[in-house]
Every structure is written in C-alpha cells, then in structure tokens.
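Take a look at the structure below.
Any value given below was found using the heavy atoms of this structure, including those in side chains, with hydrogens, waters and symmetry copies removed. Per chain, numbering begins at 1; letters A, B, ... match sequence-line order.
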Protein chains: 2
Amino acid sequence: MRDIQQALDMRPGSIYARFQSKEGLFKLVVEKYVENSKAQLQCVANSNTPLQSLGDFFKSALINPDEMRYMRQCLLVKSIAELDLIGEVGQKAVLDGMVSLNDCFALVVEKAILLEELSNTTPVDMAANWLQNQFVGLRAFAVIQSDNDAIERMIDKVLYDLTTQWPEN
Amino acid sequence: MRDIQQALDMRPGSIYARFQSKEGLFKLVVEKYVENSKAQLQCVANSNTPLQSLGDFFKSALINPDEMRYMRQCLLVKSIAELDLIGEVGQKAVLDGMVSLNDCFALVVEKAILLEELSNTTPVDMAANWLQNQFVGLRAFAVIQSDNDAIERMIDKVLYDLTTQWPEN
DNA sequence: GCATTATCTGAACGATCGTTCAAAAAGCTT
DNA sequence: AAGCTTTTTGAACGATCGTTCAGATAATGC
C-alpha cells in the first residue's frame with residue numbers, strides 16, 4: 001500500500017476513501033487486468049488468421065527488453081501462486097478472471113475451427129484450458145529465461161501441438 | 001517465521017541458532033525440496049518405461065484429495081512467481097533448483113530416446129525445458145481445477161505432444 | 001560430581017504493515 | 001462571497017514482521 005501511495009503521490013486517506021481496503025483495490029486491479037487481457041484475446045478471435053494472431057499475442061506478452069523482465073509475469077498467475085494468502089474477495093476475483101479468460105481462449109479456438117485452421121474435431125473446452133495452461137507455463141519460463149529465441153521456439157511448439165490430436169473424453 | 005515456530009514447537013532463538021535468518025532457512029528448504037524432486041525424477045529416468053513413469057510422476061504430483069489441494073502447488077513455481085520479493089540468496093537457490101530439475105528432465109528424455117520411446121531426433125534440451133514448462137502450467141491448472149479427469153487428460157496430452165515434432169533450431 | 005560446552009528460552013527490539021480520522025483544502029452552487 | 005459538499009491530508013493506531021540476546025537448561029567429558 002505504501003508503494004502505491006508513493007507511486008501515485010497520494011496520501012493513505014485518499015486511497016482508502018476511493019477503495020475500501022487493500023483487498024478492494026486488489027479486486028479492481030484484477031478486474032481491470034482481466035478486462036484488458038480479454039480485449040486482447042477478443043482481438044485475436046476476431047482476426048482472419050487467429051492462429052498467427054495467437055502466436056503474436058503470446059510473443060508480445062512473453063518477449064520484451066531484458067530490463068522489463070519482471071513484466072513477463074502475469075498478475076493472475078502470480079495471484080494463483082499466492083491464492084492461499086489472499087482474502088475471499090480477492091480469490092473470487094482471480095478465479096473469475098481465469099474463467100473469463102478461458103472463455104476467450106475458447107472463442108479463439110472456435111474461430112480457428114471456423115476458418116479451418118484447426119480440425120473441427122478439436123475439443124474446444126479442452127483446447128482452451130490447454131492454451132491457458134501453456135500460457136501460464138510460458139510466463140514462468142519467460143521470467144527465468146533470458147534467451148528470447150528459446151521462448152519463441154516454445155511458442156512455435158504450442159501452436160503446432162494445438163493442431164495435433166487430443167485425448168478422448 | 002512464527003508459523004514455523006508454532007509448527008515445530010520451537011522458540012525463535014533456537015531457529016535462529018540453527019539457521020542464520022529467514023532467508024537462510026528458505027534456502028535450505030528449497031535445496032531439500034529440489035533434492036527430493038531430483039530423486040523422484042531420477043527414478044523416472046531409471047525406469048524401463050520412462051514415458052509411463054513420467055506420466056505417473058505428473059499424476060502423483062498433480063492429483064490428490066481435494067482437502068490437500070494446496071499441496072498441488074510447487075514450491076519452486078510459487079517462488080518464481082514472487083521472485084522479485086525474495087533476497088539474492090533465495091533467488092539463487094530457486095534458479096539453481098530450476099536448472100537442476102531441468103537437467104533431470106533431460107535425463108528422462110535421453111533415457112526415453114535410448115529405449116526408443118522417443119525419436120532420436122528429439123532435441124533433448126528443448127524437450128527438457130518444455131517438460132518443465134508443462135509441469136509449471138499444470139501445477140497452476142491443478143490448483144484451480146477440481147476435476148481430476150481434466151487434469152489427467154492434460155497429462156495425456158503432454159505425453160502425446162512429447163512424441164510429436166519440434167521446431168527447428 | 002563438577003566444569004565446560006552446546007542448546008534452548010522467551011521477552012522484547014525496531015521496522016513495517018493495513019488502516020483510521022479529525023482537520024484542512026478544494027470544488028461547487030447560488 | 002458565502003454556504004455546503006466532496007476530497008485530501010498526514011500523523012498516528014494497533015498488529016505483525018524478522019530478529020536479538022542475556023539467562024536458563026541440557027549434554028558432554030573427565
């Protein structure tokens with residue numbers, strides 16, 4: 001809270017007047033973050049080449065100058081890692097956000113199937129879950145990996161595996 | 001630290017006599033955790049059916065009774081998420097641990113190639129990195145996913161994708 | 001049984017945390 | 001300019017954090 005006070009040049013009272021508490025502020029931040037990410041993924045879903053756009057989305061989120069490495073971390077991923085330290089309100093915001101983004105990944109998969117970039121036998125929900133997984137794993141990978149080419153190869157592998165076969169049921 | 005004091009029924013002085021500080025204790029815990037995980041992965045690498053053993057390893061780490069859901073989180077993954085809040089000593093322990101486990105994943109891949117469960121064109125280092133990624137992603141997935149079958153299907157997908165093609169260079 | 005060493009005890013330290021609130025300042029309406 | 005509402009201020013609160021250390025206790029060697 002004191003970091004935020006300094007960054008915004010605001011006194012504690014002002015912050016607590018606008019937001020009720022640390023957790024209330026956290027909830028709003030998470031919701032904004034999710035809203036932002038949703039917009040990005042909906043752009044991907046609206047693209048004419050959804051798979052390529054998906055790759056670009058992954059790359060822009062995971063690859064950036066070294067001095068901004070910390071930005072490779074995802075707020076939601078970070079929050080899930082500390083889910084047991086967060087209050088109920090914050091937990092709900094994080095979990096709802098994950099579901100919300102999962103729906104967006106599903107939209108991307110559906111669009112790719114529609115444009116025949118993916119087989120129509122692709123299980124949409126499973127693929128969406130899987131994509132979200134891949135993103136989480138790559139986020140952690142990107143934090144500790146300074147070789148951008150290695151990250152890019154991982155993304156290529158994700159895009160390839162998306163097109164291969166899926167387990168039954 | 002006070003939680004640990006209570007759990008061990010030890011007074012702060014005793015803990016600080018054995019370990020120098022919170023960070024020193026953290027370092028030892030991480031090292032122990034890595035040692036443990038290494039032993040498990042080396043078992044997998046020594047198996048006659050490394051890919052099946054690898055699947056079992058994933059399942060045992062990711063699937064367990066619901067009341068122990070919090071145990072699905074991995075100490076290293078959690079630590080990477082908070083890497084910016086950890087001191088230098090702790091950071092080094094975490095990053096070294098990740099490299100160490102990555103080597104173990106590489107051993108598993110090598111063994112699988114040797115036993116012809118994987119093509120000998122499989123790029124060992126990339127596959128090891130990739131496997132570690134998959135594990136990280138699945139850890140987060142398992143924390144928020146109560147459907148064990150969904151987790152199991154994801155693991156099956158990982159084992160399948162391990163056998164498919166890899167990006168060049 | 002005594003001396004010496006190693007270990008443990010637990011109250012207490014200073015720093016930092018999230019948060020509050022009476023008072024001051026700024027904004028708005030007439 | 002006066003009166004009323006809204007917002008901001010900043011010192012200060014109690015709780016909790018990692019940590020310390022003089023003294024008590026236990027373990028060991030002779």
Side-chain angles (χ1 to χ4, degrees), chain A residues 1-36 68-98 140 143-144, chain B residues 1-36 68-98 140 143-144:
Chain A
M1 293 304 283
R2 278 171 170 84
D3 285 347
I4 292 171
Q5 287 159 28
Q6 191 170 357
L8 300 183
D9 191 28
M10 289 174 82
R11 262 38 64 190
S14 303
I15 293 179
Y16 277 85
R18 291 181 190 281
F19 320 99
Q20 307 141 341
S21 62
K22 181 186 170 188
E23 197 172 7
L25 175 54
F26 176 73
K27 178 170 175 278
L28 285 177
V29 169
V30 167
E31 285 170 355
K32 191 78 189 170
Y33 185 90
V34 168
E35 203 178 308
N36 239 331
M68 300 172 71
R69 181 96 60 89
Y70 69 94
M71 285 192 62
R72 293 179 179 180
Q73 191 56 267
C74 167
L75 176 62
L76 290 179
V77 174
K78 232 182 134 155
S79 302
I80 288 174
E82 318 180 43
L83 208 55
D84 51 335
L85 307 176
I86 303 177
E88 271 186 56
V89 175
Q91 281 188 19
K92 184 166 167 22
V94 171
L95 295 177
D96 287 353
M98 287 298 283
V143 169
I144 63 176
Chain B
M1 293 303 282
R2 279 173 171 84
D3 284 348
I4 293 171
Q5 286 159 29
Q6 191 171 356
L8 300 183
D9 191 28
M10 289 175 81
R11 262 39 64 191
S14 304
I15 293 178
Y16 277 84
R18 290 181 190 280
F19 321 99
Q20 307 141 343
S21 61
K22 181 185 168 185
E23 197 172 6
L25 176 53
F26 176 74
K27 178 169 175 279
L28 285 178
V29 169
V30 168
E31 285 169 356
K32 190 76 189 171
Y33 185 90
V34 169
E35 203 179 309
N36 238 330
M68 299 172 70
R69 183 96 60 88
Y70 69 94
M71 285 192 63
R72 294 179 179 179
Q73 192 55 268
C74 166
L75 176 63
L76 290 178
V77 175
K78 230 181 135 155
S79 302
I80 287 174
E82 318 181 43
L83 209 56
D84 51 335
L85 307 176
I86 303 177
E88 271 187 55
V89 175
Q91 280 189 20
K92 185 166 166 20
V94 170
L95 295 177
D96 288 353
M98 288 297 283
V143 170
I144 63 176

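- Put simply, CD1 on B:I86 is 14 Å from P on D:dG18, counting in whole angstrom units.
- Distance A:L85 CG to D:dT16 P: 15 Å, rounded to the nearest Å.
- Salt bridge status for A:E31 with A:K27: present, with a side-chain N to carboxylate O gap under 4.0 Å.
- Here C:dT19 presents its C1' atom at 16 Å from CG of A:D3, a figure rounded to the nearest Å.
- In this entry the distance linking CD of B:E23 with P of D:dC17 reads 18 Å, nearest Å.
- Checked against D:dT19, D:dT9, C:dT19, the side chain of B:Q5 finds its nearest nucleotide in D:dT19.
- In this entry the distance linking CZ of A:F19 with P of D:dT8 reads 10 Å, nearest Å.
- Of the listed nucleotides (C:dG18, C:dT7, D:dG18), C:dG18 has the atom at the smallest distance from the side chain of A:Y16.
- Distance from the side chain of B:S14 is smallest for C:dT9 among the nucleotides D:dT9, D:dT20, C:dT9.
- Residue A:M10 is the one, among A:R2 and A:M10, whose nearest nucleotide of DNA chain D lies closer to the 5' end (criterion: closest heavy atom).
- For A:S21 and B:P12, each mapped to the nucleotide of DNA chain C holding its nearest heavy atom, the one lying further toward the 5' end belongs to B:P12.
- In this structure, A:L25 atom CG and C:dG18 atom P are separated by 11 Å, rounded to whole Å.
- Distance CD1 (A:I15) to C1' (D:dT8): 11 Å, rounded to an integer number of Å.
- Rounded to an integer number of Å, the gap from NZ of A:K22 to P of C:dC17 is 9 Å.
- To the nearest 0.5 Å, the span separating CG on A:N36 from CG on A:L75 amounts to 11.0 Å.
- Closest to the side chain of B:M1, from the set D:dG18, D:dT8, D:dG10, is D:dG18.
- One finds a side-chain N or O of A:R11 lying less than 4.0 angstrom from the OP1 or OP2 phosphate oxygen of D:dG10.
- Shown here is A:Q5, whose CD atom has more than 12 heavy atoms of other residues, nucleotides or ligands within 6.0 Å.
- A donor-acceptor pair under 3.5 Å is formed between the side chain of A:Q91 and the backbone N or O of A:L83.
- The OG atom of B:S79 sits 10.0 Å away from atom CE of B:M98, with the distance rounded to the nearest 0.5 Å.
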